[in-house]
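Note that the coordinates shown come from a computational prediction; the quantities given were computed from them, not determined experimentally. Atoms considered below: every heavy atom in the structure, side chains included; atoms not considered: hydrogens, waters and symmetry mates. To find a chain, count down the sequence lines: A is the first, B the second, and so on, and within it residues start at 1.
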Protein chains: 2
Amino acid sequence: MNSSSTRRQATRAKLYEAAVTLIAEQGFSATTVDEIAERAGVAKGTVYYNFKSKTELFEELLRFGVGLLTASLQEAADEAERRGGTKIEALDGMIRAGLVFIDRYPAFTQLYVAELWRTNRAWQSTLMVVRQQAVAVVETVLREGVERGELSEEIDIPLTAAALVGMVLVAALDWQAFQRERSLDDVHAALSRLLHGRVGGC
Amino acid sequence: MNSSSTRRQATRAKLYEAAVTLIAEQGFSATTVDEIAERAGVAKGTVYYNFKSKTELFEELLRFGVGLLTASLQEAADEAERRGGTKIEALDGMIRAGLVFIDRYPAFTQLYVAELWRTNRAWQSTLMVVRQQAVAVVETVLREGVERGELSEEIDIPLTAAALVGMVLVAALDWQAFQRERSLDDVHAALSRLLHGRVGGC
DNA sequence: GCTTTTGCACTGACCAGTCAGTTCAAAAAA
DNA sequence: TTTTTTGAACTGACTGGTCAGTGCAAAAGC
């Protein structure tokens, strides 16, 4: 049972890997199950042995990917806490963690952004849940920062969290798509400056 | 001749209107030409009488929409200039203009974000051009701000522009999708605070 | 001896694009 | 003025192709 379930896990991983790239490039509807199977080096029947449908494969992929992102944001936040840093430092660390994630899994990020605000889709509810997990990590850090008096009491936590996530997401995707020559440190520096309010004179 | 060309324009407008909503909701591939025609109250043949293909309809829609956005950003920048405001004030006005645009055309914004970072798509080149127009407006204001000494010389213009655009885009879409109860002023205030660096103590 | 994977033929729904034909307002003819 | 003609705009049934999902017997792995 144990060895056979790792075997299943391996084919699932191959299918995720294949699906994420294809769907990021072409979108969900334009990507065929035959393509996914071929890219994964697996028979079409295997896709349906492992997943109920194309949609279910995609939903599990979303859960899987956002799980990774959330964990890595949380880890960055905990790391700052452990070192006794400020919450601004924690946010800075999370920006970097976000960039590293996007750098490693650009296709997933692309796909996530493309699907997030669609309405009337089968996986809408899955996305809502999964988005909330990720944003909640940022909101928590903001809330703790306000409580400790490190952040202004007047900030609007949900909106600021959304704006910060957006800033990182879009800057990173733009970097990947249109400004490949820049280093991760360049991007991090630019975002960090914005976070610290060092754009205007101040 | 005159009345017939306005008739054409009217059907084209109806088709844009129908297509933008459907594609924003479902994506390009998942939206059928039959659906677009039905929503527009027009026969399928009419779509093909007015546009070479489904893709061409979509490309013209992109050009049309980003044209509107660029114009409204530029207008906000000019308005600040006319009043002799600082470049930070200009950026603030552009943030508001962006929010107003997204509030009025949420479907278009959704669709733009969903398609922007896809690779291997037929309209890729159209999108590149059109994105550059929009980002260039922001970059110009940043550059002028640095020249005048109002903004730090150390900011990275292309990356900061991308980050600002992303901040507005994502915060606004999140507002529309998940935080409907907030007012445009709330969202503007939150973003403005981030722009002015009033999140941390400073 | 189970679970898992393969290979492949098949079905039925769906859909982009076509095309022969219709509509109608305005120009030309009577 | 009335009648006829013209052609741009529009219509919707139809076609050829594509694709999600099925079924199943045989092989491979554990």
- Closest nucleotide of DNA chain D for A:Thr31 versus for B:Val42: which of these residues is on the 5' side? B:Val42
- Query: Is any NZ, NE, NH1 or NH2 atom of the basic residue among A:Lys87 and A:Glu81 found under 4.0 Å from an Asp or Glu carboxylate oxygen of the other?
  - Reply: yes
- Looking only at side chains, do B:Asp186 and B:Gln179 share a donor and an acceptor under 3.5 Å apart? no
- Message: Using 0.5 Å steps for rounding, measure from the CG atom of B:Asn50 to the OG1 atom of B:Thr46.
- Response: 7.0 Å
- With respect to the side chain of B:Thr32, which nucleotide from C:dT5, C:dC15, D:dA20 is positioned closest? C:dC15
- CZ of A:Phe28 versus C1' of D:dC19: gap in Å, rounded? 12 Å
- Does the base of C:dG17 carry an N or O that pairs as donor and acceptor with the side chain of B:Lys44 under 3.5 Å? yes
- Rounded to whole Å, NZ of B:Lys14 lies from P of D:dA9 at a distance of 14 Å
- Can you tell me how far C1' of D:dA27 sits from OH of A:Tyr49, to the nearest Å? 14 Å
- Please give, in whole Å, the distance from C:dT18 C1' to B:Phe51 CZ? 18 Å
- Item | Distance in Å, A:Leu62 CG paired with A:Ile23 CD1, rounded so as to fall on 0.5 Å steps | 8.5 Å
- Query: A:Leu22 has an atom CG; how far is it from atom P of D:dA20, in whole Å?
  - Reply: 12 Å
- d(NZ, B:Lys54; P, D:dG17) in whole Å: 19 Å
- Write down the distance between CZ (B:Phe58) and C1' (C:dG17), rounded to a whole number of angstrom. 19 Å
- With the side chain defined as heavy atoms from C-beta on, B:Asp34 is closest, among C:dG7, C:dT3, C:dC15, to C:dC15
- Message: If the cut-off is 4.0 Å, is B:Tyr48 near the phosphate of C:dG17, judged by side-chain N/O to OP1 or OP2?
- Response: yes
